[in-house]
Amino acid sequence: MKPRTWRCVWTVLAACVFVLALVPDADAQRRGGARGGGGGGGGGGFSRGGAASGGGFSAGGGQRGGGAQADRGSRQGTSTANQGQRQDARGERQGSRQDSAGERQSNRQDSYSSNNDNCNDCWDGAAVAAGVAAGAIVAGAAASASQPAPTTYTNQAPQQVAPPCNVAPVAVSGVPYYKCGATWYTAGYGSGGVVYMPVPPPPGN
Amino acid sequence: MKSTNPRWLPALQAGCAAALILTAAGTAHAQAAKKEPAAAPSQNQAREILMRMAAYLGGAAKYSVSLRAGYDAVQKTGQKIEFNEARKVTLSRPDKLRIEGERSDGAKSQIVFNGKEITLVDFAQKVYATAPQPGNVDDSLVYFVGGLGMRLPLAVLLMSRMPAEFESRVKTIDYVEKTSVHGAPAHHLAARADTADFQVWVADGDKPVPLRVVITYIKSPGQPQFWAQFSDWNMAPAVSDSTFTAQVPAGAQKVAFAAQLQRAPMSARKSSADKGAKQ
């Protein structure tokens, strides 16, 4: 064999050895990551949501909701853990992140509603169907609290144990509002418990 | 010009044609059979028992029942975790309902329809939310679950229109066996709907109440299940106005249902996010 051919062979062999050396490391990292995720979910970090949590005789959009719900639980856990470490200055960024989440969720909500136009019997699967981040809202239900909304499929929001940023509440007509950056939040009750949602500024603000 | 086709080609063509015809005939026959399935006696019997249960519960003026329930929560990893809860339901038609709930982690809640208002109390988080009640129990359940997005397992079983709900949802149903649930003779039925299969054990006799329900969400990842075991059926509970008065603990904070909150316009939130990013 020519010296040039030998050089090629050695180069290929070296590359193989390098790749093989990386594989166990990547695998370990992957497993470590999974453990980390599981660990993060341990001690009460497991999601309580999913398609079966609603106990309906239909899954509604549960096909998507199950997964989304699980995702949400895990995202929520991470978000909550991170929140504890964040300082006020980071509230702005969080607000922005939540806005993005809300936006994504709003898109999901839109598609969920349209999906359910064809599903008259799915109303009892609706509560758990649309896994959402904080900021869920039912289309058309925002108009007035004194008027029951028509039968509209909605979504739910996850348990969120703290306001989106670490600021003192501003009480307006007895309702606490939280100003994170330029965005106002207030507490609402979703099927998973209290959630904090971006709302228009309260009167006088 | 001499033909290049082998002699056996016509025979092969004829054979293929015959095979095609036979296959088509078989498929057509199968499709015809699919179009007109004859309900087996066991299916008729199962449907009749299910509808008897629906009519009995749907037509009851009032009742109370206790139940233990559980469900699979499918985690992101695919792992299924079962969570449990206990509930006590008191229903008085046309428009009153009270449900006391306790989750497996001890969190207690209460849902009350008093005929005018829906109240949800979360004792663990010390909050409560109210909304005007849109009408009778049926309408209020649809509003509560479908409109407000609240969780209320087995809501269909609380409706007076339960027969119609099952009529429209159940695609097939069959009788599994005569059995017993905690010593009570029962009919075990298995039904299939579009997005969920469910099994129900209906008490044998003149009070066809459900004793156990298992629902499998067949189109959801991991096909999770919800189950409930009923006990202490009382078709003549003593109820009064106080039964349907929500017990809001002292110091509990009133919050809106999340679905009722007016959401900040997306543009405002975007601009706030931009400002936040610049600051």
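Every chain is numbered from 1 and lettered A, B, ... according to where its sequence line falls, protein lines coming before strand lines.
- Using a cut-off of 4.0 Å between Lys/Arg side-chain N and Asp/Glu carboxylate O, A/D124 and B/R169 are scored as salt-bridged.
- Atom CZ of B/R161 sits in a crowded spot, with more than 12 heavy atoms from other residues, nucleotides or ligands closer than 6.0 Å.
- Taking B/A69, B/P224, B/A191 one by one and counting their heavy-atom pairs under 4.5 Å with chain A, the maximum is reached by B/P224.
- Closest non-hydrogen pair, B/M150 versus A/G190, comes out as CE-C, 3.2 Å.
- Rounded to the nearest 0.5 angstrom, B/I81 CD1 and A/R48 CZ are separated by 11.0 Å.
- Contact annotation for B/V213: only side-chain heavy atoms (C-beta onward) come within less than 4.5 Å of a heavy atom of chain A.
- Considering all non-hydrogen atoms of both residues, B/A129 and A/Y189 come closest at CB-CB, 4.3 Å.
- The part of B/Y217 that comes within reach of chain A is its side chain, from C-beta onward, which places non-hydrogen atoms under 4.5 angstrom from that chain.
- Neither the backbone nor the side chain of B/E85 comes within contact range of chain A, judged by heavy atoms closer than 4.5 Å.
- The minimum heavy-atom distance between A/S47 and B/A73, with the atom names listed, is O-CB, 3.2 Å.
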Next on the checklist: Go through it in stages, so that I can follow the logic: the residues are A/W123 and B/V156, the test is side chain to side chain contact (heavy atoms under 4.5 Å, CB included), and I'd like the CA-CA distance, side-chain angles, deciding distance and then a yes or no.
Outcome noted: CA-CA 10 Å; A/W123 62 267; B/V156 168; 3.8 Å; yes
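- Contact tally against chain A (heavy-atom pairs below 4.5 Å) for B/D72, B/L120, B/D194: the top residue is B/L120.
- Aromatic ring centres of A/F46 and B/F83 lie farther apart than the 6.0 Å criterion allows.
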Checklist entry - Under the side chain to side chain contact (heavy atoms under 4.5 Å, CB included) criterion, do A/S58 and B/E165 qualify, and how do the steps go? => result CA-CA 11 Å; A/S58 69; B/E165 289 280 342; over 6 Å; no
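- At a threshold of 4.5 Å between non-hydrogen side-chain atoms, the residues A/F57 and B/T195 do not count as touching.
- Within the 4.5 angstrom heavy-atom criterion, no atom of B/I118 approaches chain A.
- Judged by distance alone, with hydrogens and angles left aside, the side-chain atoms of B/R151 form no donor-acceptor pair with the main-chain N or O of A/G192 at under 3.5 Å.
- Contact annotation for B/I215: only side-chain heavy atoms (C-beta onward) come within less than 4.5 Å of a heavy atom of chain A.
- Using a 4.5 Å cut-off between heavy atoms, B/Y128 makes no contact with chain A at all.
- Neither the backbone nor the side chain of B/D197 comes within less than 4.5 Å of any heavy atom in chain A.
- The contact between B/Q253 and chain A is made entirely by side chain atoms (from C-beta outward), counting heavy-atom distances below 4.5 Å.
- Between the side chain of B/Q125 and the backbone N or O of A/G193 there is no donor-acceptor pair closer than 3.5 Å.
- For B/K80, the NZ atom is densely surrounded, since the number of other residues' heavy atoms within 6.0 Å is greater than 12.
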